[in-house]
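Accompanying notes for the structure given below.
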Amino acid sequence: MSIRLRFAPSPTGRIHVGNVRTALMNWLFAVREGGQVLLRIDDTDIARSTKEFEQSIVDDLAWLGLPWSERANQSHRFDVYDRAADKLKAAGLVYPCYETEDELDRKRKIAQATNKPPIYDRAALKLTDADRAKLEAEGRRAHWRFKLSGARKDWVDLVRGPQSIDTGSLSDPVLIREDGAFLYTLPSVVDDIDFKITHIVRGEDHVTNSGVQIEIFEALGGDVPAFGHFPLLVGADGNALSKRIGSLGVGELAAEGYEPMTILSHLAKIGTSDPVEARTSLEQLASEFAFEKIGRAPARFDPEELKRVNAALLHQYEYSAVKDRLAKLDADKGEAFWNAVRANLVLFPDVKAWVQIVEGPIAPVVTDAAFAQAAAEVLPSGAYDATTWPAFTNAVKEKTGAKGKALFMPLRQALTGMDHGPEMAALFPLIGEERARKRLLGQSA
RNA sequence: GGGCCCUUCGUCUAUCGGUUAGGACGCCUGGUUUUCAACCAGGAAAGAGGGGUUCGACUCCCCUAGGGCCUGCCA
């Protein structure tokens, strides 16, 4: 049977690098195994969820190149969750509680202060029908908790190995809020059962959840899927991801000019035993994916490394693959141009700077006017090709006696206004005789 | 406070009791018949600290220090 995974973002914000990593892990495993990924929009919180955010998630996934096989909204399935809740209530596994948030907060603080575990004391379990009637008469509305068994729940985690969660040391999870809204837990399990999810792959912030969710799977009579919990991201300094980096959205990265495959390559490789290198396709990343390669220590998300990966990826791109994108930037100056400058790009939009340098106008950097003047005097006429540059530099060398860096650097500076850049032999024909002459003479061109 | 996880070159990591402790990025050197970048090749570079167990420990156990996650009527 083919595997089925799911990515379940909440449309209460744009997706950021952490979300993308979660999504990617699911996709990599699914693609490698020829399985499917369901996009499940966890919009049970009607107040905070918006269609705009939902659309942005869809757009961002599409931009990244992560295709889903099915899409579902939890907000369309409340009746299904109601039935599941009724079933659990009938079984006595879900019980009404009447504490206010303030009261619970106080209980937690007292427990903490007296060095006791801050878990729910199950006071509501002792309520009689009369007690409940009285509370309801006072205007209190119940929220509903799932009664944990208190047993240990074990599973073999795809990345962490054997796991054991003692549900006796946990609070009974609230499944339904006082206002009737479903929290994340129940709909998630119900959907995983209904959509026949075989593997749940998510961050290690969910390992405890998995213990309680296994109990709910069992209570509902569903098959318990396999679980895999990978370590979370930390910043380049090893500390928790800063708010700025952690909330870095796909949209922002796209706007800055990062390639989708850069983001995917980086997020797929950090924290694994593979070298952090650019890959050009999701399929290739998937073929290299293995849970065994994922380390147990948090993965470092370093924006500098992301740049490096982006540069390496750009350097591989053939002209045909980027022609359309170049045109959009008004930077399609032909294959020779692309091949000349691509090795000097970090971000794709950097290409515009090289268009400017080739076509001008730029202000040349002339530090030795006499030398530049002499060079201008031996500037070749007519059509330029790959042989023009060596011919020209040899002529300058003969005329001035300059060689090595003293020969090439002033020419580069005068002709490009920069002290670094692509191979001059490739760039020179693109600049051409007219602009070259003016620049050597110190004129903007 | 409690629970879970983690700590190897500058960085990300491999090693699952016996290795010249391997790779990648960065760095250094050289090559690309003369510049920088890019590219290629070579090189330097590591086991948090302290106790055990063992013929032998990076590897197993304990303590200390440091870090991540959970402990929500968030997901």
Side-chain angles (χ1 to χ4, degrees), chain A residues 8-10 12-13 19 22 42 44-45 48 97 99-102 104-105 108 111-120 141-145 157 159-161 163-166 169-171 173-185 188 202-211 229 231-241 266 269-277 292-293 295-302 304-305 308-309 311-312 314-315 340-346 390 393-394 397 402-413 416 418-424:
Chain A
S10 212
T12 54
N19 293 321
T22 300
D42 280 13
T44 54
D45 186 339
R48 292 196 304 142
C97 302
E99 294 90 348
T100 63
E101 290 191 55
D102 281 349
L104 290 171
D105 207 40
R108 255 194 302 275
Q112 297 253 31
T114 53
N115 277 343
K116 285 180 185 135
I119 62 175
Y120 179 58
R141 300 262 289 115
H143 59 278
W144 299 77
R145 289 187 190 260
D157 197 275
V159 348
R160 294 160 62 94
Q163 300 289 302
S164 181
I165 296 291
D166 177 12
S169 69
L170 268 26
S171 289
V174 175
L175 261 31
I176 306 170
R177 286 200 314 214
E178 182 189 337
D179 65 4
F182 287 103
L183 263 355
Y184 158 80
T185 309
S188 180
R202 70 222 309 201
E204 69 179 10
D205 51 336
H206 281 283
V207 308
T208 312
N209 274 341
S210 293
H229 296 90
L232 268 16
L233 257 24
V234 292
D237 57 1
N239 290 318
L241 220 48
H266 187 251
K269 295 305 187 187
I270 55 172
T272 75
S273 56
D274 282 340
V276 180
E277 289 174 344
E292 302 71 39
K293 289 182 180 176
R296 308 286 203 284
R300 295 192 186 220
F301 182 85
D302 182 353
E304 285 307 309
E305 192 164 47
R308 213 203 77 226
V309 171
L314 252 25
H315 301 174
V341 305
R342 64 177 171 177
N344 281 263
L345 305 179
V346 174
T393 54
N394 275 323
K397 182 179 171 185
K403 59 180 181 178
K405 191 165 185 170
L407 169 65
F408 288 90
M409 191 49 87
L411 291 177
R412 170 179 292 284
Q413 289 173 331
T416 70
M418 307 271 292
D419 54 13
H420 70 272
E423 196 70 52
M424 284 304 296

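Throughout, protein chains are lettered first and strands after them, A, B, ... in sequence-line order, and every chain is numbered starting at 1. Predicted, not measured: the structure shown is a model, and the values here were computed from it. These numbers come from the heavy atoms of this one structure, side chains and all, not from hydrogens, waters or symmetry mates.
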Using the C1' atom on both, measure B:C28 against B:A45 and round to a whole Å.
11 Å
Sub-4.5 Å side-chain heavy-atom contact between A:Arg160 and A:Glu204
yes
Counterpart base for B:G26, defined by Watson-Crick or G-U wobble contacts under 3.5 Å:
none
Options B:C70, B:C73, B:G68, nucleotide nearest the side-chain atoms of A:Pro298
B:G68
Rounded to whole Å, please give me the gap between NZ in A:Lys293 and P in B:G22.
20 Å
Side chain of A:Met409 (C-beta onward), nearest among B:G72, B:U34, B:C36
B:C36
Which nucleotide in the list B:C69, B:A75, B:G72 gets nearest to the side chain of A:Ser10?
B:A75
Below 4.0 Å: OP1/OP2 of B:U13 and any side-chain N or O of A:Arg296
no
NA contact type, A:Gly203, heavy-atom cut-off 4.0 Å: base, sugar-phosphate, or nothing?
nothing
Of the nucleotides B:C25, B:A75, B:C5, which one has an atom closest to the side chain of A:Tyr184?
B:A75
Closest to the side chain of A:His420, out of B:C36, B:A75, B:C69, is B:C36
Sugar-phosphate only, base, or nothing, as touched by A:Leu170 at under 4.0 Å among non-hydrogen atoms
nothing
Identify whether any heavy atom of A:Glu178 sits under 4.0 Å from a base atom; if not, whether one sits that close to sugar-phosphate; answer base, sugar-phosphate or nothing.
base
Against the side chain of A:Phe408, the closest entry in B:A37, B:C70, B:U35 is B:U35
Of the candidate nucleotides B:C4, B:C6, B:A75, which contains the atom at the shortest distance from the side chain of A:Ala297?
B:C6
Need one value for A:Asn19: base, sugar-phosphate or nothing, where a base atom within 4.0 Å counts as base even if backbone is also close, heavy atoms only.
nothing
Counting only side-chain N and O atoms of A:Arg48, is one of them less than 4.0 Å from OP1 or OP2 of B:C74?
no
Does A:Ala8 or A:Asp205 map to a spot on RNA chain B nearer the 5' end, using the closest nucleotide for each?
A:Asp205
Name the nucleic acid region contacted by A:Glu423, choosing base, sugar-phosphate or nothing; use a 4.0 angstrom heavy-atom cut-off, strictly under.
base
Mind checking A:Asp274 for me? I need base, sugar-phosphate or nothing, with any heavy atom below 4.0 Å counting as a touch.
nothing
Length of the line joining A:Leu233:CG and B:G67:C1', which is rounded to integer Å
15 Å
Out of B:A75, B:U34, B:C73, whichever nucleotide has its closest atom nearest the side chain of A:Asp42:
B:A75
A:Arg342 side chain N/O closer than 4.0 Å to the phosphate oxygens (OP1, OP2) of B:A38?
no
If I take atom CG in residue A:Asp419 and atom P in nucleotide B:U35, what distance separates them, rounded to the nearest angstrom?
15 Å
Taking only the C1' atom of each, what is the distance from B:U64 to B:A24 in whole angstrom?
33 Å
The answer to which of A:Cys97 and A:Ala299 contacts RNA chain B further toward the 5' end, by nearest nucleotide, is A:Ala299
Within the structure shown, what part of the strands sits under 4.0 Å from A:Val207 by heavy-atom distance: base, sugar-phosphate, or nothing?
nothing
Can you tell if the side chain of A:Thr416 reaches within under 4.5 Å of the side chain of A:Met424, non-hydrogen atoms only?
yes
Name the nucleic acid region contacted by A:Ser188, choosing base, sugar-phosphate or nothing; use a 4.0 angstrom heavy-atom cut-off, strictly under.
nothing
B:G49 and B:U8, which share atom name C1', separated by this distance in whole Å
15 Å
Is the closest basic N to carboxylate O distance between A:Lys293 and A:Asp274 below 4.0 Å?
yes
Pick base, sugar-phosphate or nothing for A:Pro118, based on heavy-atom distances below 4.0 Å to the nucleic acid.
base
Name the closest nucleotide to the A:Pro275 side chain, picking from B:A24, B:C73, B:A38.
B:A24
Specify the separation, in whole Å, of atom CD of A:Glu292 and atom C1' of B:U13.
16 Å
Starting at atom OH of A:Tyr120, determine the distance to atom P of B:G72, rounded to an integer number of angstrom.
13 Å
Scan every strand shown for a Watson-Crick or G-U wobble partner of B:C39, both distances under 3.5 Å, and answer none if you come up empty.
B:G31
Sugar-phosphate only, base, or nothing, as touched by A:Ser169 at under 4.0 Å among non-hydrogen atoms:
nothing
State the pairing partner of B:C9; accept Watson-Crick or G-U wobble contacts with both distances under 3.5 Å, and report none otherwise.
none
Whether A:Arg177 contacts B:C74 is assessed here as follows: a side-chain N or O lying under 4.0 Å from the phosphate OP1 or OP2. Is that the case?
yes
Both distances under 3.5 Å, Watson-Crick or G-U wobble: report the partner of B:G1, or none.
B:U71
Using a 4.0 Å heavy-atom cut-off across all strands, classify A:His315 as base, sugar-phosphate, or nothing.
sugar-phosphate
Any heavy-atom pair between the side chains of A:Val309 and A:Val276 that's under 4.5 Å?
yes
Which whole-number value in Å describes the distance from A:Leu314 CG to B:A38 P?
14 Å
Using the C1' atom in both, what is the distance from B:U53 to B:G66, to the nearest Å?
26 Å
Across the strands shown, which category fits A:Thr100 at heavy-atom distances under 4.0 angstrom: base, sugar-phosphate, nothing?
base
Rounded distance in Å between the P positions of B:C62 and B:U7:
15 Å
Does A:Arg412 get its side chain close enough to the base of B:C36, under 3.5 Å, for a donor-acceptor pair?
yes
Please classify the nucleic acid contact of A:Gly295 as base, sugar-phosphate, or nothing, using heavy-atom distances under 4.0 Å.
nothing
My understanding is that a pair needs two contacts under 3.5 Å, Watson-Crick or G-U wobble. By that rule, which nucleotide pairs with B:A14?
none
To the nearest Å, give me how far apart CD (A:Glu204) and P (B:C69) are.
8 Å
Base, sugar-phosphate, or nothing for A:His206, non-hydrogen atoms under 4.0 angstrom?
base
Find the distance A:Phe301:CZ to B:G67:P and express it as a whole number of Å.
22 Å
How are the rings of A:His266 and A:Phe301 set to each other: parallel, tilted or perpendicular (split at 30° and 60°)?
perpendicular
